[in-house]
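Remember, it's a predicted structure, so these values are computed and weren't measured experimentally. Per chain, numbering begins at 1; letters A, B, ... match sequence-line order. All heavy atoms count here, side chains included; hydrogens, waters and symmetry mates do not.
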There are 2 protein chains.
Amino acid sequence: MTVTIKDVAKMAMVSPSTVSRVISDDPRISEETKLKVNEAMKELGYHPNAIARSLVSKSTNTIGVIMPKSAHLSLANPFFPEVLRGISASANENGFYILLSIEDDGIGKVNTIDKIVKTGMVDGVIMLYSKLEDETLRMLIDKNFPFVMVGKPINGTKVSYVDNDNIGASYEATTHLINKGRKSIAIITGPLNMVVSLDRLEGYKRALMDNRIEFNPDLVISAEFSKENGYGAVENLIKIGKLPDAILAVDDLLAVGAMEAIKDAGLKIPDDIGILSFNNITTAEYLSPSLTSVDINPYELGVEATELLFQKLQNKKLLPQARIVPTKLIIRESC
Amino acid sequence: MTVTIKDVAKMAMVSPSTVSRVISDDPRISEETKLKVNEAMKELGYHPNAIARSLVSKSTNTIGVIMPKSAHLSLANPFFPEVLRGISASANENGFYILLSIEDDGIGKVNTIDKIVKTGMVDGVIMLYSKLEDETLRMLIDKNFPFVMVGKPINGTKVSYVDNDNIGASYEATTHLINKGRKSIAIITGPLNMVVSLDRLEGYKRALMDNRIEFNPDLVISAEFSKENGYGAVENLIKIGKLPDAILAVDDLLAVGAMEAIKDAGLKIPDDIGILSFNNITTAEYLSPSLTSVDINPYELGVEATELLFQKLQNKKLLPQARIVPTKLIIRESC
DNA sequence: ATTTTTTGTGCAAACGGTTGCACTATTTTC
DNA sequence: GAAAATAGTGCAACCGTTTGCACAAAAAAT
């Protein structure tokens, strides 16, 4: 049925080895036989079987990409799809394929990383996943299996990762607010067990410090990313009478909620309160006032992750390293 | 280095065949040896090599998923990610993996479908892709290779596909407008070489006909999906003095633009003009007035596509068939 | 005119599994 | 108690490639 290397060999009247060598462009093959073989291949419509090749070469030219199923990021903004595009572009360029797995968050679920790694389906893994169970992480490290994480790992484990320059971006954003004359800047940050929240808080603190503004813990609100929580955060600031003249929200959704609350309180943006947030969702530009936001580059994140992984594939002994992708402050009307 | 079936065999003091049979749960193996073998497998941390298995079984338990890189749908709304989630969930349930390829739209680019199919990396293919070059399509059909398309194919080719019930949805939407007392309904449709545009136009026509409203070609505007085009379409209607009392936009983006144009013209929504559109992007609910829109179910589309593909894998002779996924009209303030 | 080197190709053993068939030991049947 | 059926396991071929090594023929060196 399927045409194999032997069929080609027969037709070209050479041995299978020779055909194989033609395929891999072995310099020892004469031009003459190359021609014959190539002709036979074309004639028969031959394509080398990837599985058989993998079996002997012990590499599949495939990288596993593990995505969380968790909704808020993947739906509210095209973060994951964009990372994926970056990975895909970079992988394609290097002749690699992508085995995608969307992990079920539920505990006790079958772990696909485990399977694809242990059964040898992939050469390396990229994880868009920070809440990774330690067990899997341990396994990867113990096996010295090449992998890269997108997003700084949670517990300081020494692994390779790529991430946005969250600290730098937050520093820049905060400085921008300060330069606009804002004195009292609140920050609505995400859950404090998320590295992204901590990093953005850190950048905020550093900027305050560098500008000799005292850090005020009352102006730090931590909440899950959602419009409602953004709204609630502002309500709360109003209630305790600590209304700032600017708000830094670590996620656009929080900002959207905050903006509503501010308007509902009869205050003006940016006149009374300036607002600035992160991620630059598409809606940001359509809000009124349009929202100043830090644009991140998920595509580039994907590219960098893949390149880093390829380095590891070539040199298994490469030490864990980080790649930080710059961000860009998009200035609009909200501050 | 890696532990193979032979190592297990040695440790359990049986032949490799026996180990293989234990793995595939062959009933002829005695409980006793099963125990021995399982113990040895655990002891050695053995996992059967997927590649080797594939080589002999001639199946990889992997399906290829081909996504277009083209931006407008994948970015403006989470359509593709959602389809992907559906595919992933369904595939996982059946112990299948996903080989994802994001195709570069550019002509002359290497065609990944071709490669993964011809080199035997996947058992079947799902294409989220309607602008498929005929060449690839032909190849798949000629090889009788199992595949399913998401979205009705463009040229009536007899292939298996899943799609939203676009005609039905449009019929329902138009009827809704009519029931609200609208007499003169314009439709802003997408490019007329896209099946989705045609189908939604078709549903619109049928609803008019069933309600004895004459179809007026002047009220049909075709434009690429974008805010700007939605704006322009309304501007144009105004200019030619054919302002309707309702607009059916086949995409939310068009509706958003249309709404702006209507407001800019000093008209009121829904009082002067009602508006209704398709796809129900997240923003729809936040607009003012909030936008009545047809919610589609991309997740289900993915699930159905995968199930259909599995049917084909089991029965290669299955005739091409379609699966139509119902939609849901979400009524809000805009009409 | 030998010997040595180079060039081009083939042989056969892997890679890590699966499976049809044969075979022995045990059980069932008559 | 011998023949037939059944149960449990192993042998060896195969899946479609790659690759180390051997080898013959041709070219180069002596």
Side-chain angles (χ1 to χ4, degrees), chain A residues 1-41 44-62 95 115-123, chain B residues 1-41 44-62 95 115-123:
Chain A
M1 197 66 236
T2 46
V3 25
T4 78
I5 204 169
K6 287 178 192 166
D7 302 322
V8 177
K10 206 165 292 173
M11 169 169 265
M13 298 191 299
V14 295
S15 75
S17 333
T18 300
V19 177
S20 173
R21 292 194 176 102
V22 170
I23 294 168
S24 54
D25 213 35
D26 191 309
R28 292 177 310 176
I29 302 292
S30 73
E31 287 305 321
E32 192 186 3
T33 37
K34 261 185 204 171
L35 225 68
K36 262 195 319 191
V37 170
N38 280 320
E39 232 164 59
M41 294 202 296
L44 294 172
Y46 169 74
H47 291 266
N49 181 293
I51 305 298
R53 292 187 111 175
S54 291
L55 185 57
V56 19
S57 73
K58 287 174 172 316
S59 73
T60 58
N61 271 33
T62 303
K115 273 207 262 173
I116 63 178
V117 166
K118 288 184 176 161
T119 63
M121 297 185 73
V122 296
D123 297 347
Chain B
M1 197 65 235
T2 44
V3 24
T4 79
I5 204 170
K6 287 180 194 163
D7 301 323
V8 177
K10 205 166 293 172
M11 169 169 267
M13 298 191 300
V14 295
S15 76
S17 333
T18 301
V19 177
S20 173
R21 292 195 176 100
V22 170
I23 293 168
S24 55
D25 213 34
D26 191 309
R28 292 179 309 178
I29 301 293
S30 73
E31 287 305 320
E32 193 186 1
T33 37
K34 261 186 203 170
L35 225 69
K36 260 195 319 191
V37 170
N38 280 321
E39 231 163 61
M41 294 202 297
L44 294 172
Y46 170 74
H47 291 267
N49 180 293
I51 304 298
R53 293 186 108 175
S54 291
L55 185 57
V56 22
S57 73
K58 288 174 171 316
S59 74
T60 58
N61 271 32
T62 303
K115 272 207 264 170
I116 64 177
V117 166
K118 289 184 175 161
T119 63
M121 297 185 73
V122 296
D123 297 346

Is any side-chain nitrogen or oxygen of B/S17 closer than 4.0 Å to OP1 or OP2 of D/dC11? no

To the nearest angstrom, how far is A/D7 atom CG from D/dC15 atom P? 11 Å

Base, sugar-phosphate, or nothing: which does A/T33 touch, judged by heavy atoms less than 4.0 Å apart? sugar-phosphate

Checking all strands, does B/R28 fall into the base, sugar-phosphate, or nothing category for heavy-atom contacts under 4.0 angstrom? base

B/T18 and B/S15 side chains, donor-acceptor separation under 3.5 Å: yes

Could you check whether A/T2 gets within reach of a base, just the sugar-phosphate, or nothing at all, counting any heavy atom under 4.0 Å? sugar-phosphate

What is the nucleic acid contact for A/S57, judged by heavy atoms within less than 4.0 Å: base, sugar-phosphate only, or nothing? nothing

At their closest point, which heavy atom of A/Y46 faces which heavy atom of A/T4, and how far apart are they? CE1-C, 3.5 Å

Minimal heavy-atom distance between A/S54 and A/S59, with the atoms involved, is OG-O, 3.2 Å

Side chains of B/M11 and B/V3, heavy atoms from C-beta outward: is any pair under 4.5 Å? no

Would you call B/K34-B/E31 a salt bridge at under 4.0 Å N-O? yes

Measure from NZ on B/K36 to C1' on D/dT9 and round the result to the nearest Å. 10 Å

Minimum side-chain heavy-atom gap B/R53-A/T119 below 4.5 Å: no

Quantify the bending of the helix from C/dA1-D/dT30 to C/dC30-D/dG1 as the angle between its end axes, each fitted on five pairs, to 10°. 40°

5'-most contact on DNA chain C (nearest-nucleotide basis), B/S24 vs A/R21, goes to A/R21

Answer whether the closest heavy-atom distance between the side chains of A/T33 and A/R21 falls below 4.5 Å. no

With respect to the phosphate group of D/dG10, does any side-chain polar atom (N or O) of B/T18 fall under 4.0 Å of OP1 or OP2? yes

Rounded off to whole Å, could you give me the NZ-to-C1' distance for the B/K6 and D/dG10 pair? 14 Å

Both B/S15 and B/L55 contact DNA chain D. Which one's nearest nucleotide lies toward the 5' end? B/S15

Provide, to the nearest angstrom, the distance between the CG atom belonging to B/D25 and the P atom belonging to D/dG8. 14 Å

When you match B/M13 and A/I23 each to their closest nucleotide on DNA chain D, which lands nearer the 5' end? B/M13

Using whole Å, report how far CG of A/N49 lies from P of D/dC14. 18 Å

When every non-hydrogen atom of A/D123 is compared with those of A/N61, the smallest separation belongs to OD2-N, 2.9 Å

Minimum heavy-atom separation for B/P16 to B/I5, with atom names? O-CD1, 3.7 Å

Atom-pair distance (NZ on B/K34; C1' on D/dA7), nearest Å: 13 Å

May I ask you to say what A/K58 touches in the nucleic acid, namely base, sugar-phosphate or nothing, with a heavy-atom cut-off under 4.0 Å? sugar-phosphate

Between D/dT17 atom P and B/K118 atom NZ, what is the distance in whole Å? 15 Å

Closest non-hydrogen atom pair between B/I51 and A/T60, with its separation: CD1-CG2, 3.7 Å

Would you indicate what B/V19 reaches in the nucleic acid, counting non-hydrogen atoms under 4.0 angstrom: base, sugar-phosphate, or nothing? nothing

Using a cut-off of less than 4.0 Å, is there contact between a side-chain N or O of A/T4 and OP1 or OP2 of D/dG16? no

How would you give the extent of chain B contacts on DNA chain C, as first and last nucleotide 5' to 3' within a 4.0 Å heavy-atom cut-off? C/dG16 to C/dC21

